[in-house]
Amino acid sequence: MRYSRFFIPTLRDDPADAEVISHKLLLRAGFIRRVTSGVYDYLPIGLRVLRKIEAIVREEMNRAGAQELLMPMVQPCELWEKSERMEKYGPELLRFRDRHNHESCLGPTHEEVICDLVSRELRSYKQLPMNLYQIQAKFRDEIRPRFGLMRGREFVMKDAYSFHADDACLRREYQLMFDTYTTIFNRFGLTFRAVEADTGSIGGSDSHEFHVLAESGEDLIAHCSGCDYAANVEKAVSVRDVPASAADAEEASEISTPDVTSAEDVAAFLKVDTALLVKTLVYHLHGGENNGAIVAACVRGDDQLQEIKLAHAAAADSVELASEEEVRSVGGVSGFVGPQGLSCPVYVDESLRDASGLVAGANKADAHVTGLSMQCDVADAVYADVRETREGDACTRCSAAIELSRGIEIGQVFALGKRYTEPMEVMFQDQQGKRAVATMGCYGIGVSRLMAAVVEQCNDEAGIHWPVSLAPFQVALISMGQSETVLAASESIYHELSDAGIEVLWDERKERPGVKFKDAELMGLPMQIVVGDRSLERGVIEYGERGGERIEAEPAMVAAAVIASLQQAGSSH
RNA sequence: CGGGGCAUAGCGCAGCCUGGUAGCGCAUCUGGUUUGGGACCAGAGGGUCGGGUGUUCGAAUCACCCUGCCCCGACCA
């Protein structure tokens, strides 16, 4: 490809609205442009990278026996009614009506469509198992799209769906997909970690997420320093240190705490350990059997409540902090809410089960209760794990310390069971001749997000440092000046490499050398070949890895040497 | 949804407080000199100052409304 004819609009300055490094570099180097909030154009070099990511994913999925198909982006809402997700999925599902006033939506995921398809065609257990996947644009109307490709509204995803006659078969496929994902992410040269995960709005039983470890990650991952336990903090369990309570036998008594509301302030005011405070939060439930109900949840003063765990404990889809009126409606007083005497269910974290000598809000203005014992003083508490794991907690498996890291979720595997196949009636005739419901798994990879995740891990001062397998071109062929000899020598090498199947971006622009080097390094091409009058006079051409020393070689030898270096660099991942 | 910030040439920004002919750097175009790590000289083009309403003799600037973008946001009951 000749640079002068190729569309690569690079930017010298960082765009003002980009925050994370991948967003800045992908914009600056001319890979993407924003169209509207959370929606991007993939420019020619961006698309080249996206296609390479897709190709690797496709190759490994095919190797694992999955079959590619393509489903529509527009879906009829009836399917979502049938799976009972129309309500549950919420405003992230973009809905609209077509000209016939037919309710439709843009697919954020495809469980409904695939189940609809498979339910029509599946007859016998002999057709199972099967794993169908697609690589396609999805749309989720995110509350807050951000960080460029990291959290877009429209994004490219590989989604696979497997169907099985029994759970043992599903478990085997789950493991196969888990292993396939590990292979795929290794091929990208990523530092990543598989962690236990909540199943979120997809549902099902088992799930693992794959995270690229990066400071800019939006997820928090808890992992054990002693064993291989790792989980998203939405799900992670751990054992916390429980402080000795000073006064075990103390009677509960009320104490005046005018204008002292926060856990830290109350602890300081009463000169007690913050961990002996009970933080009581009031929530409004969304979805589930108790949709709309108000509940309270208690954690220790130095802990944080994990809302997703609370939603599970309360059998809700999600929870939202209650308004002041709602707090009052269950007998609470904002700023002084406590677990005693509330007219709603109270979920109490396990770490408080046997605790006493606690301090909690008194449900009266300007008052707290001291000497509180959960067992004696809070009758109807429902105990559950609702606290968020903290750094330094003990691992429930090996007691070593838990550490926290930030991660970018790039893939997730789910054992769905019959969550969709039952309502969608994905049935078949089993070996005994009876009608049975298929069991199902689903497996996603964020293809466009991967592009950003790779850049987060592979960048330096000069720009992006793509692994050879993903670079938009493997070689930047830089012609210094416009002399006939330079252009002829360049063209000859260009053809030699192209014929060998190497992708070369030949920079024959009338630009100064510095500009060409900067652009090649910004867009991250792994190898450079430099053809200049000065070196040609000495009978040599230079080549080298991006950012490394350049080596001189006879023109006839350069192509072979570059191919050898590329193979070496490519195999190191 | 709540809070904060921003919106002026393709990009990055100044000007606004204190109203009076719209500026700078980069990029672009022309000519010339250059040419081994984002050159230099000379010239040129490019703006509904996000949109609307109002105040005023006069608005990029003041007021109000709207839109878009960016950042932060469970709470500490």
Side-chain angles (χ1 to χ4, degrees), chain A residues 9-20 23-24 27-28 30 33-39 91 143-148 234 257 260-268 274 277-284 294 296-311 318-324 326-328 330-339 342 346 359-368 386-388 461-463 478-483 486 509-522 528 530-537 541-542 547 550:
Chain A
T10 59
L11 265 24
R12 187 184 287 222
D13 301 313
D14 277 339
D17 52 6
E19 183 79 359
V20 298
H23 190 194
K24 288 181 186 173
L27 282 169
R28 271 190 63 200
R33 285 292 184 267
R34 193 187 75 96
V35 177
T36 184
S37 178
V39 177
I143 304 174
R144 183 143 88 90
R146 56 183 141 181
F147 303 154
E234 294 171 355
T257 51
V260 187
T261 59
S262 80
E264 286 76 17
D265 293 347
V266 173
T274 318
L277 263 75
V278 177
K279 200 148 72 173
T280 307
L281 301 126
V282 181
Y283 278 91
H284 178 122
I294 308 294
C298 297
V299 293
R300 287 184 176 271
D302 57 343
D303 266 335
Q304 303 232 317
L305 183 85
Q306 173 53 52
E307 289 185 351
I308 289 168
K309 289 182 176 178
L310 176 61
S318 63
V319 298
E320 187 188 355
L321 213 64
S323 65
E324 283 208 19
E326 287 171 328
V327 172
R328 269 198 298 278
V330 295
V333 175
S334 258
F336 304 91
V337 177
L342 292 174
V346 180
V359 176
N363 292 322
K364 282 183 196 170
D366 299 328
H368 279 77
V386 294
R387 63 182 285 275
E388 187 163 293
E461 282 289 292
I478 296 174
S479 297
M480 307 280 247
Q482 299 286 308
S483 76
V486 162
R509 292 176 298 171
K510 288 179 181 140
E511 287 288 353
R512 299 173 67 81
V515 175
K516 299 187 178 190
F517 287 123
K518 292 284 188 209
D519 276 338
E521 282 155 20
L522 177 61
Q528 294 177 355
V530 183
V531 183
D533 284 312
R534 235 157 67 179
S535 46
L536 277 179
E537 274 168 28
I541 282 173
E542 296 160 41
R550 283 193 282 269

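So that the names make sense, note that chain A is the first sequence line, chain B the second, and so on, each numbered from 1.
D14(A) meets the side chain to side chain contact (heavy atoms under 4.5 Å, CB included) test with K24(A), R28(A); sequence neighbours excluded. Scanning for side chain to side chain contact (heavy atoms under 4.5 Å, CB included) contacts around K518(A) gives an empty result, with sequence neighbours left out. A search for salt bridge (charged side-chain N to carboxylate O under 4.0 Å, His left out) contacts involving R387(A) returns D303(A), D393(A), not counting sequence neighbours. For R33(A), there are no salt bridge (charged side-chain N to carboxylate O under 4.0 Å, His left out) partners, not counting sequence neighbours. With sequence neighbours excluded, the residues forming a ring-ring contact (aromatic ring centres under 6.0 Å, His included) with F336(A) are H368(A), listed by chain and number. For D533(A), the side chain to side chain contact (heavy atoms under 4.5 Å, CB included) criterion is met by S483(A), T485(A), V486(A), not counting sequence neighbours. For E234(A), there are no salt bridge (charged side-chain N to carboxylate O under 4.0 Å, His left out) partners, not counting sequence neighbours. Every residue meeting the side chain to side chain contact (heavy atoms under 4.5 Å, CB included) condition with S262(A), not counting sequence neighbours, appears here in chain and number order: E264(A), D265(A). Taking D519(A) as the reference, R509(A) meet the salt bridge (charged side-chain N to carboxylate O under 4.0 Å, His left out) condition, with sequence neighbours excluded.
T257(A) contributes atom OG1, which lies 11.5 Å from atom NZ of K364(A) (distance to the nearest 0.5 angstrom).
When rounded to the nearest whole Å, the span between CD1 of I143(A) and P of rA74(B) equals 12 Å. Note: CZ (R28(A)) to C1' (rG38(B)) measures 10 Å, nearest angstrom. One interatomic measurement links the two molecules: CD of Q528(A) to P of rG37(B), which rounds to 13 Å at whole-angstrom precision. Atom P of nucleotide rC29(B) and atom NZ of K510(A) are separated by 11 Å, given to the nearest angstrom. rA74(B) atom C1' lies 14 Å from atom CD of E326(A), rounded to whole Å. With rounding to whole Å, D265(A) atom CG is found 13 Å from rC75(B) atom C1'. The distance from atom CZ of F517(A) to atom C1' of rA39(B) is 15 Å, rounded to the nearest whole Å. The separation between E521(A) atom CD and rG38(B) atom P is 12 Å, rounded to whole Å.
Among rA74(B), rC70(B), rG36(B), the nucleotide with an atom closest to any side-chain atom of E542(A) is rG36(B). In this structure, the nucleotide among rG38(B), rC72(B), rC75(B) sitting nearest to the side chain of L281(A) is rC75(B). Among the nucleotides rC69(B), rG37(B), rC76(B), the one closest to the side chain of T36(A) is rC69(B). Between rG37(B), rC72(B), rC76(B), one nucleotide has an atom nearer to the side chain of S262(A) than all others, and that is rC76(B). Minimum atom distance to the side chain of E307(A) is reached by rA74(B), of the listed rG36(B), rA74(B), rG38(B). Across rA74(B), rG38(B), rC76(B), the shortest atom-to-atom separation from the side chain of V515(A) is found for rG38(B).
Looking at which nucleotide of RNA chain B each of R534(A) and G301(A) is closest to, the 5′-most match is held by R534(A). The residue among D303(A) and E19(A) whose nearest nucleotide of RNA chain B is located toward the 5' end is E19(A).
Taking a pair to require two hydrogen-bonding distances under 3.5 Å in either a Watson-Crick or a G-U wobble arrangement, rC40(B) pairs with rG32(B). Remark: rU61(B) base-pairs with no nucleotide; criterion is Watson-Crick or G-U wobble with both hydrogen-bond distances under 3.5 Å. Pair assignment for rC69(B): rG5(B), on the basis of Watson-Crick or G-U wobble contacts that are both within less than 3.5 Å. The partner of rG25(B), taking Watson-Crick or G-U wobble pairs whose two distances both stay under 3.5 Å, is rC11(B).
Dense packing is recorded around CD of Q482(A), with more than 12 heavy atoms of other residues, nucleotides or ligands lying under 6.0 Å away.
Residue side chain E320(A) does not reach the base of rA74(B) through any donor-acceptor N/O pair under 3.5 Å, judged by distance alone. With hydrogens and angles ignored, a donor-acceptor pair closer than 3.5 Å exists between the side chain of S535(A) and the base of rG36(B). Taking 3.5 Å as the limit, the base of rG38(B) and the side chain of R509(A) contain no donor-acceptor pair of atoms between them.
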Would you list the protein and nucleotides 32-35 of chain B atom pairs, both N or O, that sit under 3.5 Å from each other?
{"from": "rU34(B)", "atom 1": "O2", "to": "R512(A)", "atom 2": "NH1", "distance (Å)": "2.9"}

Below 3.5 Å between N/O atoms, which protein atoms pair up with nucleotides 41-50 of chain B? Just atom names and distances, please.
none

Between the protein and nucleotides 5-15 of chain B, list the N/O to N/O atom pairs that are separated by less than 3.5 angstrom.
{"from": "rG12(B)", "atom 1": "OP1", "to": "A16(A)", "atom 2": "N", "distance (Å)": "3.0"}

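Between the side chains of E521(A) and Q528(A), at least one donor N or O lies within less than 3.5 Å of an accepting N or O.
A sub-4.0 Å separation between OP1 or OP2 of rC70(B) and a side-chain N or O of R146(A) is absent.
Proximity of a side-chain donor or acceptor of K516(A) to a complementary backbone N or O of M480(A) within less than 3.5 Å is not detected.
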